[in-house]
Amino acid sequence: MNQQQPAAPPSADGARAAASVADQEAARAAQHLATSLVQALVSGTVGEAATSPHHSISPVAPDAWQQALKLVDRRLQDAKLELENDILASPDEFRSSLSKGLQHLLETRRLQASVDAAAARIEGDEGLAHTSERLVAEIRSTAKAAREAAERRAVHKALDGLRKAMTLFDDHLSSGRYLDGAKTLVSLEGLIDKASRKLGSTQEIHNAKIQFSAMRMGLVQTLDYAVSAAMTVTESSSPPAVTITLKDGISFGTGVPDIGIADTLESSAVLGILDRLLQPFAHSLSKHLIQPMAETCHQRVFSVDRELSVSTDHEEKMVVTISTVEPCRGGNRLSESHEQSPLLPTAVFMALAEFLSGFLDRIQASPSTKTLTLVQLVGGDTLRNFCQDVIRHSLQPHVPSSIDGLDAFVALYGTPLSVFDSCMAKLGISSDRHSSLSSFFDHLHEHYAIKCSHKHLVSSRRLFLAKVYDTIEVGHDASSGDQGPLFLFPRCLVQKSTVQLASLLDTILLDASRLEPRGATILYEASRDLLDLFRSAKTSILYSPSPSLSTLPPHLSMVFHNDCMYMAHWCMLAGPKHASHVSIDCTTSNATEHGQDSAARPTPTHSRELHFMDLADPFQRLAQAFFQKQQRAQQANLVESVAAANGFDCLEPARHECVERAVKQVLYHIRHIAKIYHHALPRQVYLIAVGQLVGTACEAVTKQIEALSDMAEEESVKLAELVGRFEGLHDLFLSPDNGQLGSPLSPASSWPPPPATVSSSSTGPQTTLIEKYTQGRYTKCATLGSLLNWNFATIMEAFRRGDLRAFTVNELARLARALFSDTPLRDKNLTEIARGHPTAK
């Protein structure tokens, strides 16, 4: 019987194909569904789709959704079925995989248990972490103990080194090796400093420092005593002397080794206390010898003796004997032998330095110690102060009077200074080229110029202030016919002191020509100072309020005038004469001037030439002031003498006698003053001076006569005779070589001249000179004398010729009214006179 066989299950391929189709459809449905949801979310229509039937989430139909859900469910079932089929198809492989998974799970659990057990061992009280911390703590404790042990070993080592050094120091001192002890002490100080920096401030280091200080103090005291005992300075009063004693060594007595001065100095130098230990000895040297020798060298004489003792002390002595110099009789100047040695202190100082240097060489002191010792004793501040004192107390104020001239000055100062500087440099204690003595030596020319300037200023001041007015005749006489070269000073009288000043100025400039520019400049400025001093002295005389000097005698006043003109003439010619031989240095100072730093040295700017031309004009003006002051006084005397007549009306005998006495007094005064002027003044100045006096007298007489309102004929004749007496003044204007100066007066009959000789064209040389220097006033007076004797017709003829131009129209009219009666002729002539002087043809 045929049974219906069940349908065969679908094959695996068919299932896979169906599943694939279902998957594709489900995927499309799911994709469509996702797209719809996204669009709904973006457009915000999700809610509307939920509430409104007209709005759906996606355009997919509900059937499609149902189909998609079925397909998804089917796919899940197919996947489950496929898994079951796979398991059923290969159970062994599945079982093997499951077994491996279980093994892995068990291994994982075992490893987890091991990890948990290890963690328990690490984190527990007896775990690895606790053990590690305990081991670290033990290691740290062990390291600290090791460091402490190392520090203790270092301290013990340092202290052991200090104890060994201290022991070595004690051994050196006990054996008398003081230099080695000093070196050990220096090294011990370094060890203590090093240990202090390394170990810090420990009690052991503190104790070591205290012990070191005590050891150093003991050695310093020993060295100090040795220096003070071996190097001494003593002063004795009878005879005055200073003894310097130097010993080779010092003995301390029982138990203490002796010490040599060489070891003492070397040890002191090693310890750095040599300067301090030598200070007392250096102070004694400066106090008892160096300073007194520098400050009072111009009053003392020093002699030096050296001796070397052969006793066991092995000491060397230098004895400086001091004796006071007595001033010479009749003055304060020192003896000539001492006056030639103002630099004797430098010789004694060199002897002292060489004495100390020889002693140090004999004791075999090291070069460095020798240099330090010499610098401390006779170098440095000691040498600097000595040089300054010598310059201040000897070189600057004390110049021997017998030294005259640059060569003698250089020989006196230059050679000793050069030897002294070389000696100090050789000993190594004076390497500074800017020291006081070196600077003085380098500027000898300037110091010589300063000395000369001071000397000349003092002597010139005494010369100017001395009231000695001795005169001497100088200049060239132009009237002798020998004109000579140009710019010669005319013959006149000047004071001897003025000639001496000019000669001194020439000597100063001659000395300046031998000096360097800076020294020459000093002398040049000194010469100008002398000229200023001379001018000041003359000015003080001219404007002195003293009654004895306010009115100088005519002779002395004109001599002073000549003095000033003589110096003005010298000033004009001195520059061209000496400028080519003297070099002048024009400098300016960079800081403050001289004191200034005190320091700022002058720097050269531009050169200038020697000249005195700027001083010529002040001297000429001063001479003119003397001349004018004396002339004003003499002119005032003449006017006063004329005025003493109380008018020139001389009709009465008594009045005529009074007027005649006044005229005689004027003439005598003029001749007396002219005689004084003739011997004192140059010819040209004499003519000017006498012309002024004659002109003043003639003008005063003319004014007195013109002041008369009415003159009788007899009175006019008397006045003409009195005026005619001035004719004798012609001889005052003659040249002295013709022998007519001072000739007797011409006969009175020749005065007044006739009308034909009144014209100036017919006058002789006498009238020409007197007209020139009286400026026409004498001619006017002479014409007035003639006019007093003329009749009216003669007067009018002279007026028409132009011979009366010396008178003004008003003066002529006044004279005509006084001389002639009031007539129609007088009125006619006065009318003609009023029209003015005729025009010259």
Side-chain angles (χ1 to χ4, degrees), residues 452-453 455-478 484 487-512 523-544 546 548-549 552-578 610-631 676-686 688-689:
C452 291
S453 301
K455 176 182 177 181
H456 295 321
L457 284 174
V458 172
S459 60
S460 299
R461 182 177 179 274
R462 294 174 181 173
L463 185 66
F464 298 154
L465 297 181
K467 295 182 179 180
V468 179
Y469 305 111
D470 296 340
T471 59
I472 185 175
E473 186 176 287
V474 296
H476 177 73
D477 190 358
F487 305 110
L488 286 178
F489 191 70
R491 182 196 60 80
C492 63
L493 293 181
V494 298
Q495 285 185 277
K496 290 182 178 180
S497 59
T498 304
V499 178
Q500 293 173 1
L501 173 62
S503 177
L504 177 61
L505 292 173
D506 288 330
T507 302
I508 292 175
L509 295 178
L510 182 61
D511 285 343
L523 287 183
Y524 167 61
E525 297 295 342
S527 63
R528 296 181 65 91
D529 291 341
L530 290 180
L531 291 171
D532 289 338
L533 182 61
F534 176 82
R535 184 157 55 93
S536 299
K538 297 300 182 183
T539 303
S540 64
I541 294 175
L542 179 63
Y543 300 105
S544 175
S546 174
S548 60
L549 295 178
L552 293 174
H555 174 80
L556 188 58
S557 182
M558 292 308 171
V559 168
F560 287 164
H561 161 272
N562 297 341
D563 290 341
C564 296
M565 292 301 296
Y566 186 80
M567 295 313 303
H569 181 266
W570 185 92
C571 290
M572 288 189 293
L573 301 183
K577 179 180 178 182
H578 297 282
L610 177 145
H611 74 92
F612 300 90
M613 189 64 70
D614 56 316
L615 299 178
D617 181 65
F619 277 117
Q620 290 174 348
R621 286 188 279 108
L622 184 59
Q624 189 67 17
F626 275 111
F627 179 84
Q628 292 177 353
K629 183 177 182 180
Q630 185 59 224
Q631 285 296 94
I676 295 175
Y677 285 179
H678 170 258
H679 292 288
L681 292 172
R683 175 65 180 171
Q684 189 69 20
V685 181
Y686 159 80
I688 295 173

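Sequence positions, counted from 1, serve as the residue numbers for this chain.
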Just so I know, are the side chains of L531 and W570 near enough to count as touching, which here means a heavy-atom distance under 4.5 Å?
yes

Quick check: does any side chain N or O of T498 sit under 3.5 Å from a backbone N or O of V494, one acting as donor and the other as acceptor?
no

Dump the intermediate steps for side-chain contact (heavy atoms from CB on, under 4.5 Å) on C452 and I508, then the final yes or no.
CA-CA 8 Å; C452 291; I508 292 175; over 6 Å; no

Please verify the inter-ring angle class for Y686 with H678; under 30° counts as parallel, over 60° as perpendicular, anything in between as tilted.
perpendicular

For the pair F560 and F626, evaluate ring pair (Phe, Tyr, Trp, His ring centres under 6.0 Å) and give the outcome as yes or no after the intermediate values.
CA-CA 7 Å; F560 287 164; F626 275 111; 5.5 Å; yes

Between the side chain of N562 and the main-chain N/O of A680, is any donor-acceptor distance below 3.5 Å?
yes

Does the S459 side chain pair with the main chain of K455, one donor and one acceptor, at a distance under 3.5 Å?
yes

Between the CG atom in L493 and the CD1 atom in I676, the distance rounded to the nearest 0.5 Å is 12.0 Å

Could you grab the distance from atom CG of L681 to atom CZ of R491, nearest 0.5 Å is fine?
9.5 Å

Evaluate the criterion side-chain contact (heavy atoms from CB on, under 4.5 Å) for residue pair R528 and E525; output intermediate values, then yes/no.
CA-CA 5 Å; R528 296 181 65 91; E525 297 295 342; 4.2 Å; yes

Quick one: sort the Y524 and F612 rings into parallel, tilted or perpendicular, breaks at 30° and 60°.
perpendicular

State, yes or no, whether a side-chain contact exists between K629 and L552 at a heavy-atom distance under 4.5 Å.
no

Heavy-atom check, side chain of H679 versus side chain of M558, under 4.5 Å:
no

